[in-house]
Amino acid sequence: MDITASIVSHGHGTQVEALLARLAQPGGHRPRRVIVTLNLPEPGLTVRLRARDWPFDLDVTENAAPAGFGTNHNRAFERDGRHGASAFFAVLNPDLRWRAEPWGAMAAVLEADPRAGAVYPVQLDAASRRQDQERLLPTPARLLARHVLRRAAEVGEGQRPDWVNAAFLLLRRTAYAGIHGFDEGFHMYCEDVDLCLRLQLAGWRLARADGAVVEHAAQRASRREVRHLLWHARSLLRLWRSPVWRAWRSGPASVSDSSASP
């Protein structure tokens with residue numbers, strides 16, 4: 001399929017190899033190119049990946065210094081453009097699994113809806129429970145309800161989410177390029193919130209592919225590690241002070257609905 005997938009490893013070599021093997025399984029659909037970015041040195045992984053024959057173009061790149069989540073995927077997007085861009089660009093976490101390949105169902109949604117800028121699968125946890133990947137704007141009140149009152153579910157049946165997590169997104173290349181990809185000012189956390197809001201403010205839609213189901217083991221590192229908690233807090237403050245936040249709060253529906261179809 002005319003898809004380039006971007007995977008970033010922060011020392012997740014075993015998970016990256018398992019995901020690549022899953023992408024390479026025969027039958028069904030698969031990307032035509034996969035770009036693996038090693039954000040931390042993994043020389044053994046580099047050798048193993050480059051020594052194998054893959055049923056797609058595998059591009060392994062090693063960072064001289066660690067970069068943020070959005071920066072790494074933006075660089076992969078630019079790299080894809082230099083080598084012959086695909087029509088669709090996928091962002092994948094290394095810890096994804098699935099029983100049936102999700103690409104056909106996800107690409108079908110983008111092809112059926114010209115205003116869909118990003119499509120996402122249904123995410124389950126390791127116990128096959130539906131994850132709360134679809135969310136509303138992360139206001140202080142909602143964060144309090146989520147983390148203190150344990151009210152995780154935010155989006156009701158039939159309600160459109162304001163944003164979805166970026167564990168697995170399949171984006172239309174023109175949509176991603178049109179908003180200049182991820183905001184690299186977010187080192188980690190909230191870059192997916194910002195991306196989803198900007199896509200919709202530009203007139204694109206977020207769409208769920210109910211026929212695509214994946215397992216994602218969310219790490220929730222900001223709840224366990226002080227460094228990640230600080231990154232999360234800084235990202236929230238940056239989001240709340242941004243013009244994107246103000247534009248969305250002023251009326252996302254009216255902005256999106258009045259935009260011309262891209």
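Sequential numbering from 1 along the given sequence is applied to the chain's residues.
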Between the main-chain N or O of F182 and the side-chain N or O of N74, is there a donor-acceptor pair closer than 3.5 Å?
-> yes
N/O donor-acceptor pair under 3.5 Å between R130 side chain and V122 backbone | no
Give the cluster check for V60 versus V8: same hydrophobic cluster or not, with ILVMFWY residues linked at side-chain heavy-atom distances below 4.5 Å.
-> no
Single-linkage hydrophobic cluster, 4.5 Å side-chain cutoff, L19 and V36 together = yes
Quick one: do F56 and R30 satisfy side-chain contact (heavy atoms from CB on, under 4.5 Å)? Show the steps, please.
-> CA-CA 8 Å; F56 40 71; R30 63 168 68 101; 4.0 Å; yes
If you take all heavy atoms of L92 and A5, which pair is closest and at what distance?
-> CD1-CB, 3.7 Å
Compute whether any side-chain donor of one residue and acceptor of the other, for T37 and R75, lie under 3.5 angstrom apart.
-> no
Taking S250 for the side chain and A247 for the main chain, is one N or O donor matched with an acceptor at less than 3.5 Å?
-> yes
Full working for side-chain contact (heavy atoms from CB on, under 4.5 Å) between D57 and R32 | CA-CA 6 Å; D57 175 17; R32 72 180 185 91; over 6 Å; no
Find the distance between OG (S242) and CH2 (W248) and round it off to the nearest 0.5 Å.
-> 12.5 Å
Lys/Arg N to Asp/Glu carboxylate O, D194 vs R238, below 4.0 Å = no
Report yes if some heavy atom in the side chain of W204 is under 4.5 Å from a heavy atom in the side chain of L171; otherwise report no.
-> no
Note: R198-D183 ion pair, threshold 4.0 Å (strictly below) | no
Should V34 and W54 count as side-chain neighbours, where that means a heavy-atom distance under 4.5 Å?
-> no
Check L40 against G11 and note the closest heavy-atom contact, atom names and distance.
-> CD1-N, 4.2 Å
In this structure, CG of D95 is separated from CD1 of I7 (nearest 0.5 Å) by 11.0 Å
Would Q123 and N165 count as having a side-chain donor-acceptor pair, cut-off 3.5 Å?
-> yes
Beyond-backbone contact of M106 with F88, side-chain heavy atoms, under 4.5 angstrom = no
For the pair Q133 (side chain) and P121 (backbone), establish whether a donor and an acceptor sit closer than 3.5 Å, ignoring hydrogens and angles.
-> yes
Got a second to check how far S6's OG is from R33's CZ, nearest 0.5 Å?
-> 12.0 Å
Look only at the side chain of R48 and the backbone of E17, and say whether a donor-acceptor pair between them is shorter than 3.5 Å.
-> no
Side chains of L236 and L143 in contact at under 4.5 Å (non-hydrogen atoms) = yes
Close side-chain approach of Y120 to P161, heavy-atom, < 4.5 Å | yes
Smallest heavy-atom separation, D2 atom then S86 atom, equals OD1-CA, 3.3 Å
Nearest-0.5 Å distance that lies between atom CZ in R234 and atom CG in L229 = 10.0 Å
Describe, in one word, how the ring planes of Y176 and F89 are oriented to each other, choosing from parallel (under 30°), tilted (30 to 60°) and perpendicular (over 60°).
-> tilted
For residues N63 and N39, is any side-chain donor paired with an opposing acceptor at under 3.5 Å?
-> yes
So, does R205 use its side chain to make a donor-acceptor pair with the main chain of L199 at under 3.5 Å?
-> no
Identify the heavy atoms of V16 and S9 that sit nearest to each other, and give their distance.
-> CG2-CB, 3.6 Å
State yes or no: do I35 and I3 share one hydrophobic cluster built from I, L, V, M, F, W and Y residues joined by side-chain heavy-atom distances below 4.5 Å, directly or via other members?
-> no
Among all residues two or more places apart in sequence or in another chain, which pass the salt bridge (Lys or Arg N to Asp or Glu O under 4.0 Å) test with R50?
-> none
Any idea which heavy atoms bring L110 and A118 closest together, and the distance?
-> CD2-N, 4.2 Å
Are L170 and I179 co-members of a hydrophobic cluster defined by side-chain heavy atoms under 4.5 Å apart?
-> no
Is the charged tip of R173 near the ring of F77: under 6.0 Å from the six-membered ring centre and within 45° of its axis?
-> yes
Would you indicate whether R22, at its atom CZ, is surrounded by more than 12 heavy atoms from other residues, nucleotides or ligands within a distance under 6.0 Å?
-> yes
Is there side-chain contact between Q200 and L206, with heavy atoms separated by less than 4.5 Å?
-> yes
For L45 and G13 the tightest heavy-atom approach is CD2-CA, 3.6 Å
By side chain to side chain contact (heavy atoms under 4.5 Å, CB included), R82 pairs with (sequence neighbours left out) E78, R79
Would you say D192 and L169 make side-chain contact, with heavy atoms under 4.5 Å?
-> no
For L137 and L197, what are the C-alpha separation, side-chain angles and deciding distance, and is it a side-chain contact (heavy atoms from CB on, under 4.5 Å)?
-> CA-CA 9 Å; L137 200 65; L197 297 184; 3.7 Å; yes
Separation between OG1 of T139 and CZ of R249, rounded to the nearest 0.5 Å = 6.5 Å
Charged N to carboxylate O under 4.0 angstrom, R135 versus D162?
-> no
Report yes if the side chains of R241 and W245 come closer than 4.5 Å at any heavy-atom pair, otherwise no.
-> no
Output for pair (E215 CD, S128 OG), nearest 0.5 Å, gives 7.0 Å
Enumerate the residue pairs fulfilling side-chain hydrogen bond (donor to acceptor under 3.5 Å, both in side chains) with a member in residues 98-112, sequence neighbours excluded, ordered by first and then second residue.
-> H29-E101
On the 0 to 90° scale, with breaks at 30° and 60°, tag the F69-H73 ring pair as parallel, tilted or perpendicular.
-> perpendicular
Spell out, yes or no, whether M188 and F168 are grouped together once hydrophobic residues are joined by side-chain heavy atoms under 4.5 Å, including indirect joins.
-> no
Got a donor-acceptor contact below 3.5 angstrom from the W163 side chain to the E134 backbone?
-> no
Between S235 and Y189, is there a donor-acceptor pair closer than 3.5 Å when you use the side chain of the first and the backbone of the second?
-> yes
